[in-house]
Structures are given as structure tokens and as C-alpha cells.
Amino acid sequence: LQQRIEEAEKRLAGESALAAKELKSRTITVEAAAKALPKNSALVEFVKIPDYDFAKGTFLPSHRYLAFVLTAAGDVTRVDLGEAGVLEAKARQALEDIQVSQKRLDRLSLARSRSSLESLSAVVWGPLEKPLGRADKVVVSPDGFLNLIPFMALIDGQGRPLVESHQLAYVASGRELVGAEGAAPKPASDLLLVANPAFDKKG
């Protein structure tokens, strides 16, 4: 059945440029993705997967998060971030504490928000620091609940928010690095900050 699917996709790709582009994007190589990364950068692709009982040959109801780190040099490292339930509980707590601190703006709520972010960073970012090495530009592809995490607010190993030590960019998948036609447009500066929009302003 899989062979028949692949044959049908190839026939469709021969008649449709759009289908051909989609098929090509599914078959990118690690080498192509690494080549698309700028110097001193890395891709971190997060994946939420179900746990598997190898003895019984069955999937379990529990899940875990993995992170695959690809450097511009082509090195790939798999990092097990642990049980999804534990990580997501820390993420929920951090998001709640951030919301409270934004409303109250008092010293206690800000300290609690910082503490929650440090706890979350220890399980999400801490294990990535060694495979990332000196990469200061990181392309992040979140999965599951990690899509809600403000990665720039996470704390690095020196106690600084990531926004102060890394340039972060987001993609839905690492395939986007090589999926675009032609060269990607280059910004005139390293940082673009957009904030405080007046959505209700008329005229």
C-alpha cells in the first residue's frame, strides 16, 4: 500500500508543480538543512511522542518530549527532555505566574514568575546548552504545549533571559529552512521590535 501511495504521489508530482514542491519538501536531507543554517546557528526541533513498551511491543498512554539539535556544521544530537506531563505542568505554572506578575507588578509576583521560568528553563533549555555549543542564533520548531512557551523569556545557564544571549526564530518545521524558493530576504538590522499596538484606535 505504501508503495502504491508513493507511485501515485510521483505521478501527481509529474503533472503539478505544487505537488512536486510539496513532495520535495518531505525528502530534505540533514545536509541540506544544515547548509541552510547561517554560521554560528542551530535548529532545535521539538517532538512530542508516545512512550513505547519495547518488551510488549505496544504504545503507552504516557508521552515524552524529545529535542533534535542540528548545528550549521551538520552535527545532530537527540536530547530526551523527559515526561510530557512533568514538562507541561512546569510550562502551565510559568504561564500562569507570568500572567499574574503582569497584572500585579509587585516584587513577590515578579519573583515567583522568575522562579517558575527558571524551573521550566532547567528542563526545556538546560539540556540543550551543551549540544548548542556557541550557537547564538537558534531556530526553534516547537511541538505540542511548547508552542505556548515564550522561549525568549527562558533563562540560560548564566541566569540571563534568552533574549539577551540568543537570537531566536520560529518555524513550524525544520523543512521550512530549505523549502523556500530562492534566497530568504535579509533584514536591514538584527532586531525588529513591535509592541503595544492600539487595536481599538479609530481613524
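This structure is a prediction, so every number in the text was calculated from the model and none was measured. Scope of the values below: all heavy atoms of this structure, side chains included, with no hydrogens, waters or symmetry mates.
- No single ILVMFWY cluster, assembled from side-chain heavy atoms under 4.5 Å apart, contains both F68 and L37.
- The shortest non-hydrogen separation linking S109 to D106 is N-OD1, 2.9 Å.
- Nearest heavy atom pair, residue A135 against residue V138, reads O-CG2, 4.3 Å.
- Listed here is the closest heavy atom pair of A55 and D53: N-OD1, 3.0 Å.
- Residues V69 and L128 meet the side-chain proximity criterion, which asks for heavy atoms closer than 4.5 Å.
- Under the side-chain contact (heavy atoms from CB on, under 4.5 Å) criterion, A32 pairs with T29, V178, not counting sequence neighbours.
- Through side-chain heavy atoms spaced under 4.5 Å, either directly or across other Ile, Leu, Val, Met, Phe, Trp or Tyr residues, F59 is tied to Y52, F54.
- S165 is linked by a side-chain contact (heavy atoms from CB on, under 4.5 Å) to D156, R160, L162, counting only residues two or more places apart in sequence or in another chain.
- Of all heavy-atom pairs between L154 and V124, the closest is CD1-CG1, 4.1 Å.
- Side-chain contact between R114 and L110: absent, with no pair of heavy atoms (C-beta onward) separated by less than 4.5 Å.
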>> Could you go through L66 and L81, starting from their C-alpha distance and side-chain angles, then the distance that decides it, and tell me whether this counts as side-chain contact (heavy atoms from CB on, under 4.5 Å)?
In response: CA-CA 6 Å; L66 302 177; L81 301 177; over 6 Å; no
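- Evaluation of the salt bridge (charged side-chain N to carboxylate O under 4.0 Å, His left out) rule for D97 yields R112 as partners, not counting sequence neighbours.
- E129 is linked by a salt bridge (charged side-chain N to carboxylate O under 4.0 Å, His left out) to nothing, counting only residues two or more places apart in sequence or in another chain.
- A single hydrophobic cluster is seen to contain both L132 and L120, as judged by linkage of ILVMFWY side chains at heavy-atom distances under 4.5 Å, directly or through other members.
- For the atom pair CD (E164) and CD1 (I155), the distance works out to 8.5 Å, reported to the nearest 0.5 Å.
- For the pair N147/Y170, no side-chain contact is recorded, criterion being any heavy-atom separation below 4.5 Å from C-beta on.
- S115 is linked by a side-chain hydrogen bond (donor to acceptor under 3.5 Å, both in side chains) to nothing, counting only residues two or more places apart in sequence or in another chain.
- One finds no salt bridge joining K35 and E31 here, because no Lys/Arg side-chain nitrogen approaches an Asp/Glu carboxylate oxygen to under 4.0 Å.
- For the pair I149/P142, no side-chain contact is recorded, criterion being any heavy-atom separation below 4.5 Å from C-beta on.
- K130 pairs by the side-chain contact (heavy atoms from CB on, under 4.5 Å) definition with nothing, not counting sequence neighbours.
- Side-chain atoms of L168 and K137, non-hydrogen and from C-beta on, never get closer than 4.5 Å to each other.
- With sequence neighbours excluded, the residues satisfying side-chain hydrogen bond (donor to acceptor under 3.5 Å, both in side chains) with S62 are D51.
- The closest side-chain heavy-atom distance from V79 to Y65 is not below 4.5 Å.
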With a cut-off of 3.5 Å and sequence neighbours excluded, list every side-chain donor-acceptor pair involving residues 42-50.
unit_1 : atom_1 : unit_2 : atom_2 : d
E45    : OE1    : G174   : N      : 3.1
K48    : NZ     : E88    : OE2    : 3.0

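- The backbone N or O of S113 lies less than 3.5 Å from no partner atom in the side chain of S101, so there is not a single donor-acceptor pair.
- Linking Ile, Leu, Val, Met, Phe, Trp and Tyr residues whenever their side-chain heavy atoms come within less than 4.5 Å places V140 and V163 in a single cluster.
- Scored by the side-chain contact (heavy atoms from CB on, under 4.5 Å) test, Q99 finds no partners at all (sequence neighbours excluded).
- Among residues at least two apart or in separate chains, side chain to side chain donor-acceptor pair (under 3.5 Å) pairs with a member in residues 72-87 are R64-D80.
- Between N40 atom CG and H166 atom NE2 the span is 11.0 Å, to the nearest 0.5 Å.
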>> Assess the residue pair V86 and K90 against the criterion (side-chain contact (heavy atoms from CB on, under 4.5 Å)); give the C-alpha distance rounded to whole Å, side-chain angles, the decisive distance to 0.1 Å, and a yes or no.
In response: CA-CA 6 Å; V86 173; K90 289 180 181 291; 4.2 Å; yes
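- Residues satisfying the side-chain hydrogen bond (donor to acceptor under 3.5 Å, both in side chains) test with S173, not counting sequence neighbours, are none.
- Around the CD atom of Q3, the shell of radius 6.0 Å holds no more than 12 heavy atoms that belong to other residues, nucleotides or ligands.
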